[in-house]
Asker: 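The structure follows.
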Amino acid sequence: MLKTHHCGEIRVEHDGQAVTLAGWVNRRRDQGGLIFIDLRDRWGIVQIVVDLETAPDAHHIASDARSEYVLQVHGNVRIRPEGTANPELETGDVEVVVSEMKLLNASKTPPFYINRDESIEEVRRMQYRYLDLRRPAMQKNMVTRHRVVKFIRDYLDNLGFLEIETPILFKTTPEGARDFLVPSRLQKGKFYALPQSPQQLKQLLMVAGYERYFQIARCFRDEDLRGERQPEFTQLDLEMSFVEREDIIQLNEGLATALVENIATDKKLLWKPFPRLTYAEAMEKYGSDKPDLRYDLQAHDVTDIAGKSGFAVFVSNTQAGKPVKVIRMPGMGEISGTALRKVAADLETLAREAGGKGLAYMALPLEETGEVKGPIGKFFTVEQKVELFERVDAQPGDLLLFISDEREIVYAITDKLRRHLAAEHNLADPNVLAFIWVIDFPLFLWDDELKRWDPSQHMFTAPMPEDLGLLDTDPGKARGTQYDMVCNGYEVAGGSIRIHERELQEKIFPLIGQTMEHAKEQFGHMLEAFEYGTPPHGGIAWGVDRLSMLFAGAPNIREVIAFPKTQTGADIMAHAPSVAEPGQLEELGITVVEPEEDEDE
RNA sequence: GGGGGUGUGGUGCAGCGGUUUAGCAUACUGCCCUGUCAAGGCAGAGAUCGCGGGUUCGAAUCCCGUCACUCCCGCCA
């Protein structure tokens, strides 16, 4: 080894020891005859001192050294002279007096600062990702992620799970996203699909009798990117046999809790056990199936009261079966006149963006006797207002936002307003993790374009046993066994109990517009497997990137992925994707069709 | 596919009600300095203002297009 110790681990107990260190120049402070260098490695920073008189050769190297030069130093640890300790540094009580110094490698001036926390344009960071990753903040994120994965492995191993790898080159999976295709050279004209998840394979592992499987699995989905979505991402994929919904929920809740308590030690777990919301409740109260419950801001149904009011919009909407809901925003009713109208106008813009036609409001005065502000107050009688305020538990100084529209639009507006208000007023504590379960999802969602039912998760999700009859009578009402683990507004895990009987599976296919012929073509191996003694089974898949992001307090998952892609799916550093060599294409039997200049619509 | 934001010395920002020598900080280069720690002092170099076009006597600034990064909708669990 070129070092005997790590820079970040030198402490008072090493006083007097001869050490050899190696690392990068974080900062250099040249006093002339005396040069201080903060030497950095993955474990931290330690100050080294180079004295012209006692170590002239080392001093010469040190005076030429610049940021990010790689140095090896030999010297003695000593407690810093009285009054020169640096409480900011973990190693700040000591320093290393250098006797020899070796330049292991010089560095060009870096394109951005490694040694300071400053926002850098993302293109630049991606172009020099290896330097970006050198920044302590990024190294910390990588450590967090490593600990998450390591903890998961140990935890599940202790519970008898086996980690089993599944192929990357496989076949289209029933997840419903666009597949990445890989051409086959050995069978020209045919393609593999990269797995959107190991869904089929883990179910087959259950058929194979492994009973408890997990994998830290790379998954691929060719869809547009978001801050929380990359074309390739990592799942903790898990499947168990002989379980019911409750077993999976308990086990995963245990894992999540242990993870927070052992890894995300600077975060506060808001609830233990996790509260459970039905899908219907989540949508009605928060307009989202992954609500951020660090703050309340729920939508109260006031359809009955508003329908009796004199406000024509509410009356006609109510008669048309559209709900009226109120979000109560404390404190915002206090602002007055112009400012209030401005705020209301901004919120109305948001509502319109979410598909709404407008947004009514009432601002409640601080004094009991004061007048309700806002254009719709006059359409409610005193009794109606009293009933309304009781319904939403209104307090003096509240701003009440009224949402009324088609149910789906009410959901969208509710979600948008909640997120906006919370962000605007810092209602979401970044140090809190609000884990919840969302359960009782509908088994199918109606696809209006294709005029058919679509599995809300995937086609292997089992219906709730008590809803089996609904498959024949009213499939839209049937609930699935699906469960989602949601934290701070992100879906961090989702799964279900699977269908393990062929008869039930064959009943589902026609409902989702899947013919038996086509199903056999795509999933014949699954259907056949299910005929050889399939145990009841179920599982879940966690978004490891999202979880690590939440634990790291990062604003997006790119911060916890060493080499992520940009929004156009590019790797700016390596210039991927790139044009293939003609020879490669020929070998694969592929011809590239040049995109035509805005031809058809 | 659609909507929003950003793009100015290496980096982070200002300038955008049209005329500036394109400003500041830091990094960088040289010199001084033996207890600094975001070291300090002095001097200096460094920018076709993302790119293309247009309006104008005059464009970093206004208009159109385009590219890149990013946020959101669609898409995706």
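A quick note: this is a predicted structure, and the numbers were derived from the prediction, not measured. Here is the naming used below: chain letters follow the sequence lines, and residue numbers restart at 1 for every chain.
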Asker: Within the structure shown, what part of the strands sits under 4.0 Å from Thr568(A) by heavy-atom distance: base, sugar-phosphate, or nothing?
Answerer: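 The residue Thr568(A) makes sugar-phosphate contact but no base contact.
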Asker: With under 30° as parallel and over 60° as perpendicular, where do the rings of His14(A) and His5(A) fit, or are they tilted in between?
Answerer: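 If you compare the ring of His14(A) with that of His5(A), the planes turn out perpendicular.
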Asker: What about Arg29(A), does its side chain sit under 3.5 Å from the base of C33(B) through a donor-acceptor pair?
Answerer: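 Not at all, since no donor on one side and acceptor on the other fall under 3.5 Å apart.
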Asker: Any N or O donor-acceptor pair linking the side chain of Asp224(A) to the base of C75(B) at under 3.5 Å?
Answerer: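 Such a pair does not exist between side chain and base.
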Asker: Respond yes when some side-chain nitrogen or oxygen of Arg226(A) is under 4.0 Å from OP1 or OP2 of C73(B), and no when none is.
Answerer: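 Yes, Arg226(A) has a side-chain N/O under 4.0 Å of OP1/OP2 on C73(B).
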Asker: Paired with G46(B) by Watson-Crick or G-U wobble geometry, both distances under 3.5 Å: which nucleotide is it?
Answerer: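 Looking at the geometry, G46(B) pairs with no nucleotide.
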Asker: Measure from the ring centre of Phe112(A) to the centre of the six-membered ring in the base of U11(B), then say whether that distance is under 5.5 Å and the planes meet at under 30°.
Answerer: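 So no, this residue does not stack on that base, at least one cut-off failing.
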Asker: So, Arg178(A) side chain and Arg221(A) main chain: donor-acceptor pair closer than 3.5 Å or not?
Answerer: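 A pair under 3.5 Å: no.
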Asker: Check side-chain hydrogen bond (donor to acceptor under 3.5 Å, both in side chains) between Arg125(A) and all other residues, then give those that pass, not counting sequence neighbours.
Answerer: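 Checked Arg125(A) against side-chain hydrogen bond (donor to acceptor under 3.5 Å, both in side chains); matches are Asp132(A), Glu559(A).
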Asker: Using whole Å, report how far CZ of Arg27(A) lies from P of C37(B).
Answerer: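 It works out to 11 Å between those atoms.
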Asker: Classify the nucleic acid contact of Glu353(A) as base, sugar-phosphate or nothing, counting any heavy atom under 4.0 Å across all strands shown.
Answerer: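 Answer is nothing: Glu353(A) stays at 4.0 Å or more from every strand.
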Asker: Does Arg229(A) reach the main-chain N or O of Asp224(A) with its side chain, forming a donor-acceptor pair under 3.5 Å?
Answerer: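 Yes; judged by distance alone, with no hydrogens or angles, the pair exists.
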Asker: Tell me whether the rings of Trp43(A) and His6(A) are parallel (<30°), tilted (30 to 60°) or perpendicular (>60°).
Answerer: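 Because their plane-to-plane angle is under 30°, the rings of Trp43(A) and His6(A) count as parallel.
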Asker: Between G15(B) and U21(B), how far apart are the C1' atoms? Round to whole Å, please.
Answerer: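 U21(B) and G15(B) have their C1' atoms separated by 15 Å.
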Asker: Contact list please: residues 50-69 of chain A against RNA chain B, heavy atoms, distance less than 4.0 Å, in numerical order.
Answerer: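 Listed by number, they are Asp51(A), Glu53(A), Arg66(A).
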Asker: Determine whether a donor-acceptor pair (one donor, one acceptor, N or O, separation below 3.5 Å) exists between the side chain of Glu95(A) and the base of G35(B).
Answerer: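 By the distance-only test, yes, there is a pair.
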Asker: Would the distance check show the side chain of Asn115(A) and the main-chain N or O of Asn26(A) forming a donor-acceptor pair, the cut-off being under 3.5 Å?
Answerer: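 Side chain of Asn115(A) to backbone of Asn26(A), a donor-acceptor pair under 3.5 Å: yes, one is there.
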Asker: Would you classify Glu122(A) as touching base, sugar-phosphate or nothing, given that sugar-phosphate means primed atoms plus P, OP1 and OP2, and contacts are heavy atoms under 4.0 Å?
Answerer: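 Sugar-phosphate, no base atom in range.
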Asker: With heavy atoms under 4.0 Å as the rule, sort Pro81(A) into base, sugar-phosphate or nothing.
Answerer: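 The answer is base, as Pro81(A) lies within the cut-off (heavy atoms under 4.0 Å) of a base atom.
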Asker: Does this structure show an ion pair linking Lys108(A) with Glu68(A), if we count only N-O contacts that are shorter than 4.0 Å?
Answerer: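 Salt bridge flag = no for Glu68(A) with Lys108(A).
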Asker: For the pair made of CG in Asp415(A) and C1' in C73(B), what is the distance, rounded to whole Å?
Answerer: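 Rounded to the whole Å, the gap is 12 Å.
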Asker: Over all strands shown, is Ala412(A) touching base, sugar-phosphate only, or nothing at heavy-atom distances under 4.0 angstrom?
Answerer: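 Nothing: the residue Ala412(A), judged by heavy atoms under 4.0 Å, touches no strand.
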Asker: Can you check the Leu225(A) CG to C73(B) P distance for me, whole Å?
Answerer: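 After rounding, the reported distance stands at 14 Å.
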Asker: On a plain distance test, is the side chain of Arg124(A) in donor-acceptor contact with the base of G12(B) below 3.5 Å?
Answerer: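 No.
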Asker: Can you check the distance between U26(B) and A39(B), where both ends of the measurement are the P atom (answer in whole Å)?
Answerer: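 U26(B) and A39(B) have their P atoms separated by 11 Å.
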Asker: Round to a whole Å and report the spacing from CG of Asp30(A) to P of G40(B).
Answerer: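 Computing the Asp30(A):CG to G40(B):P distance gives 13 Å.
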Asker: Would you kindly give the CD-to-C1' distance between Glu121(A) and G7(B), to the nearest whole Å?
Answerer: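 Nearest whole value for this atom pair: 6 Å.
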Asker: Tell which nucleotide pairs with G40(B), taking only Watson-Crick or G-U wobble pairs whose two distances are both under 3.5 angstrom.
Answerer: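 Answer to the pairing question: C32(B), which forms a Watson-Crick or G-U pair with G40(B).
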Asker: Rounded to whole angstrom, note down the P distance from U11(B) over to G50(B).
Answerer: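 Straight-line distance between the two P atoms is 13 Å.
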Asker: In residues 489-499 of chain A, which residues come under 4.0 Å of RNA chain B by heavy atom?
Answerer: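 Those residues are Glu491(A).
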Asker: Using a 4.0 Å heavy-atom cut-off, does Glu228(A) contact any base of the nucleic acid, only the sugar-phosphate backbone, or nothing at all?
Answerer: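 No contact.
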Asker: Is a donor-acceptor contact shorter than 3.5 angstrom present between the side chain of Tyr113(A) and the base of G10(B)?
Answerer: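 Check passes, donor-acceptor contact within cut-off.
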Asker: What is the separation between atom CD1 on Ile35(A) and atom P on C37(B), rounded to the nearest whole Å?
Answerer: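 Roughly 16 Å, once rounded to whole Å.
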Asker: Both conditions, 6.0 Å and 45 degrees, for the charged tip of Arg116(A) above the ring of Tyr113(A): are they met here?
Answerer: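 Relative to the ring axis of Tyr113(A), which defines the angle, Arg116(A) lies inside both limits.
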Asker: Take atom P in G12(B) and the same atom in G53(B), then report the distance between them in whole Å.
Answerer: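 Straight-line distance between the two P atoms is 27 Å.
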Asker: What is the distance, to the nearest angstrom, from the CD1 atom on Ile120(A) to the P atom on A68(B)?
Answerer: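 Answer to the nearest Å: 22 Å.
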Asker: For A68(B), give the paired nucleotide (Watson-Crick: N1-N3 plus N6-O4 or O6-N4; G-U: N1-O2 and O6-N3; both under 3.5 Å), or none.
Answerer: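 Paired with A68(B), as far as the under-3.5 Å criterion goes, is U6(B).
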Asker: Give Thr566(A) one of three labels, base, sugar-phosphate or nothing, depending on what nucleic acid heavy atoms sit under 4.0 Å from its own.
Answerer: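 Result for Thr566(A) = sugar-phosphate.
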Asker: Please evaluate the base of G35(B) for a donor-acceptor partner in the side chain of Arg78(A) within a cut-off of under 3.5 Å?
Answerer: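 For Arg78(A), whose side chain was compared with the base of G35(B), there is a donor-acceptor pair (under 3.5 Å).
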Asker: Spell out, as yes or no, whether a donor-acceptor pair under 3.5 Å connects the side chain of Glu228(A) to the backbone of Ile557(A).
Answerer: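 Checking the backbone N and O of Ile557(A) against the side chain of Glu228(A), no donor-acceptor pair under 3.5 Å is found.
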Asker: Expressed in angstrom and rounded to an integer, what is the separation of Leu350(A) atom CG from C71(B) atom P?
Answerer: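 Roughly 18 Å, once rounded to whole Å.
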Asker: Answer yes or no: does a side-chain N or O of Gln31(A) lie under 4.0 Å from OP1 or OP2 of G40(B)?
Answerer: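 False: Gln31(A) side-chain N/O out of range (4.0 Å or more) of G40(B) OP1/OP2.
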Asker: Mind telling me whether Trp453(A) and Phe444(A) have parallel, tilted or perpendicular rings, with 30° and 60° as the class edges?
Answerer: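 The arrangement is tilted - the two ring planes meet at 30° to 60°.
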Asker: With a 4.0 Å cut-off on heavy atoms, is Arg558(A) in touch with a base, just the backbone sugar-phosphate, or nothing at all?
Answerer: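 Touches sugar-phosphate only.
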